[in-house]
Amino acid sequence: MTETAAGVSGRFTRPQRWLLPGDLLTEPADHAAAAPGAPGAAVRLRQPRPPRRTPRDWAVDLTLFGWSLGMWTLMVFVVLPTLEHTPEWIRVIDAPLGLLACCALWVRRRHPLAVALLMVPVGAVSASAFGALGAIMLSTALRLPTRRALALLAANIAVAVPYFVFCSLPEDNSGWGDIFFSVAYLLMFFAWGVATRARRQLVVRLRQDAGRERAEHARRMADARRTEREAIAREMHDVLAHRISLLSVHAGALAYRTSGAAGAHAKPLSDTEVGESAQVIRDNAHQALEELREVLTVLRGTAPGALTEAGGRPQPRIAEIGELVAEATRAGQRVVLDQKYAEGATEALRDQAQRTVYRVVQEGLTNARKHAPGALTTVTLVGAAGQGLTVRIRNPLPVTAGSGREHIPGAGAGLAGLEERIALDGGSLLHGTTNGAFELVAKLPWPAT
């Protein structure tokens with residue numbers, strides 16, 4: 001089989017059968033030394049190899065050939081001598097044609113249509129091909145489209161019945177049972193082929209369904225792993241960004257005072273102040289590690305709000321926001337907290353929602369500490385059962401760049417992760433600049449009790 005480049009003839013030869021993966025092995029043509037795409041360049045494709053017979057195929061073929069050969073022997077040496085009305089010329093060609101039909105069984109797999117068409121004239125003049133005809137009808141129903149197979153079955157029955165009527169039917173018309181048997185014989189083999197084909201198609205569909213199910217399962221597993229990675233990244237950011245920003249503030253203040261003292265611009269730090277600063281940095285580092293351990297424990301399956309086995313603390317709640325603000329104030333951040341709801345009312349909120357509110361305030365304070373150091377940050381929580389809960393964090397934009405401290409770097413994914421967290425709780429997040437101030441507003445549902 002050859003394939004010619006579009007620049008030569010623009011036509012391709014048609015393959016003899018469906019090509020399987022790995023069948024198309026290219027070979028350079030005699031004039032393929034030219035550059036790729038140059039006029040005159042051609043590619044020759046090897047003829048695909050026919051599929052090899054498996055041991056099961058050999059067993060089936062030998063069984064059908066043995067059956068057909070046995071029927072040929074029976075018809076030639078037992079039945080044909082008893083047919084008194086058969087013309088002499090049919091007796092002469094009957095046995096060779098029957099033997100040819102038996103041999104045709106070996107090529108029926110590759111050429112089912114040609115073999116079935118060959119049996120139409122053979123079945124019209126040969127009774128010894130009766131055994132092979134049944135096997136070929138089975139192969140026709142198994143390998144050809146249904147309409148084409150039915151047409152070939154009808155053609156073979158139409159030419160076989162007249163043979164039995166005019167050549168083998170006795171004068172007393174007592175041979176109609178043999179005719180009905182012959183028709184039933186062909187129909188039985190044809191039905192056998194149809195049933196085998198339906199079973200094979202069912203097996204193929206089941207395998208395809210299983211393959212799709214495996215692919216769908218792999219996709220679901222990939223989605224679950226991606227969701228888990230996103231949850232881990234979100235929790236890690238919320239915990240570590242807050243703690244490390246506090247470390248950066250304390251370390252920056254210590255470095256600023258030290259450098260100022262070295263340049264005689266500020267009073268040098270006493271040993272007590274240096275010790276206190278180091279202790280604050282150490283405590284915040286330990287706290288960051290402790291919170292990281294708690295987050296990992298929760299992500300490994302501990303229920304939210306439950307104590308960890310190692311004696312850890314419960315997951316953060318709205319009641320702990322005051323401590324969070326106090327901690328930021330001790331680090332030098334100016335924060336005002338305004339909680340506009342009845343005392344203890346938020347305890348009815350589920351743990352997931354309480355943790356989300358805490359993370360919103362934590363992220364807002366961290367962003368203000370990074371981008372507007374020294375600015376007054378206002379944290380407002382307002383809401384009621386049945387009306388929803390609104391968390392608003394507002395800080396003015398910095399007027400001048402630089403305040404003696406270096407800018408605290410960030411991953412830039414805090415607000416995106418916060419928006420995903422709030423969306424999971426059925427809320428919404430808005431953030432932007434209004435009237436010279438940056439505002440972060442989170443709205444969360446607060447079901448009526």
Side-chain angles (χ1 to χ4, degrees), residues 231-232 234-243 246 284 287-288 290-331 333 335-368 377-395 414-415 417-431 439-449:
I232 292 174
R234 189 165 54 243
E235 292 288 342
M236 299 285 247
H237 176 274
D238 291 343
V239 171
L240 294 183
H242 172 69
R243 287 295 170 188
L246 288 176
N284 276 277
Q287 187 66 27
E290 180 67 19
E291 292 185 357
L292 176 60
R293 184 184 63 83
E294 293 174 0
V295 167
L296 293 177
T297 302
V298 171
L299 291 175
R300 288 181 182 132
T302 304
L307 292 174
T308 64
E309 295 180 359
R313 300 177 307 170
Q315 289 298 297
R317 302 171 64 84
I318 294 178
E320 299 178 29
I321 292 179
E323 182 181 346
L324 179 67
V325 171
E327 187 178 37
T329 303
R330 288 194 298 270
Q333 191 173 5
V335 184
V336 175
L337 176 61
D338 186 11
Q339 295 174 302
K340 298 180 180 180
Y341 48 78
E343 184 178 357
T346 57
E347 292 300 321
L349 285 172
R350 58 192 181 91
D351 295 337
Q352 176 69 24
Q354 298 217 28
R355 186 167 68 250
T356 299
V357 173
Y358 182 92
R359 297 302 186 197
V360 170
V361 176
Q362 186 181 58
E363 179 64 22
L365 294 179
T366 301
N367 285 339
T377 304
T378 303
V379 179
T380 305
L381 286 81
V382 58
Q387 299 179 6
L389 178 63
T390 301
V391 183
R392 188 184 305 272
I393 304 162
R394 180 183 178 89
N395 62 270
L415 293 179
L418 195 62
E419 189 171 4
E420 293 175 2
R421 181 192 293 276
I422 294 174
L424 291 175
D425 288 334
S428 61
L429 179 69
L430 299 175
H431 57 85
E439 205 169 53
L440 178 68
V441 181
K443 296 182 178 181
L444 294 163
W446 187 346
T449 57

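Just so it is clear, the model here is predicted, and its values are computed rather than measured. Values reported hereafter were calculated over all heavy atoms of this structure, with side chains retained and with hydrogens, waters and symmetry mates removed. Count residues from 1 along the sequence.
- Side chains of R392 and E439 form a contact here, defined as non-hydrogen atoms less than 4.5 Å apart.
- For the pairing with I321, the side-chain contact (heavy atoms from CB on, under 4.5 Å) check across V360, T346, L365, L381 returns one residue only, L381.
- Shortest non-hydrogen contact noted between T377 and A368 is OG1-CB, 3.5 Å.
- In this structure, Q339 contributes its side chain and V382 its backbone to no donor-acceptor pair below 3.5 Å.
- Between V336 and V379 the shortest side-chain heavy-atom distance does not fall below 4.5 Å.
- Side-chain contact between T380 and V391 is absent, with no heavy atoms from C-beta onward closer than 4.5 Å.
- With 3.5 Å as the limit, one finds a donor-acceptor pair spanning the side chains of D425 and T356.
- Of all heavy-atom pairs between A385 and P447, the closest is CB-O, 3.8 Å.
- With values rounded to the nearest 0.5 angstrom, R359 atom CZ is found 13.0 Å from I422 atom CD1.
- Listed here is the closest heavy atom pair of A345 and W446: O-CZ2, 3.5 Å.
- In this structure, CG in L349 is found 5.0 Å from CD1 in I318, a value given to the nearest 0.5 Å.
- With rounding to the nearest 0.5 angstrom, the CG atom of L389 is 13.0 Å from the NZ atom of K340.
- For the pair L440/L429, a side-chain contact is recorded, criterion being any heavy-atom separation below 4.5 Å from C-beta on.
- Here the straight-line distance linking atom CD of E363 with atom CD of E419 works out to 12.0 Å at 0.5 Å rounding.
- R355 is not listed as a side-chain neighbour of R317, based on a closest heavy-atom distance of 4.5 Å or more.
- Between the CD1 atom in I393 and the CD atom in Q362 there is a gap of 10.5 Å [rounded to 0.5 Å].
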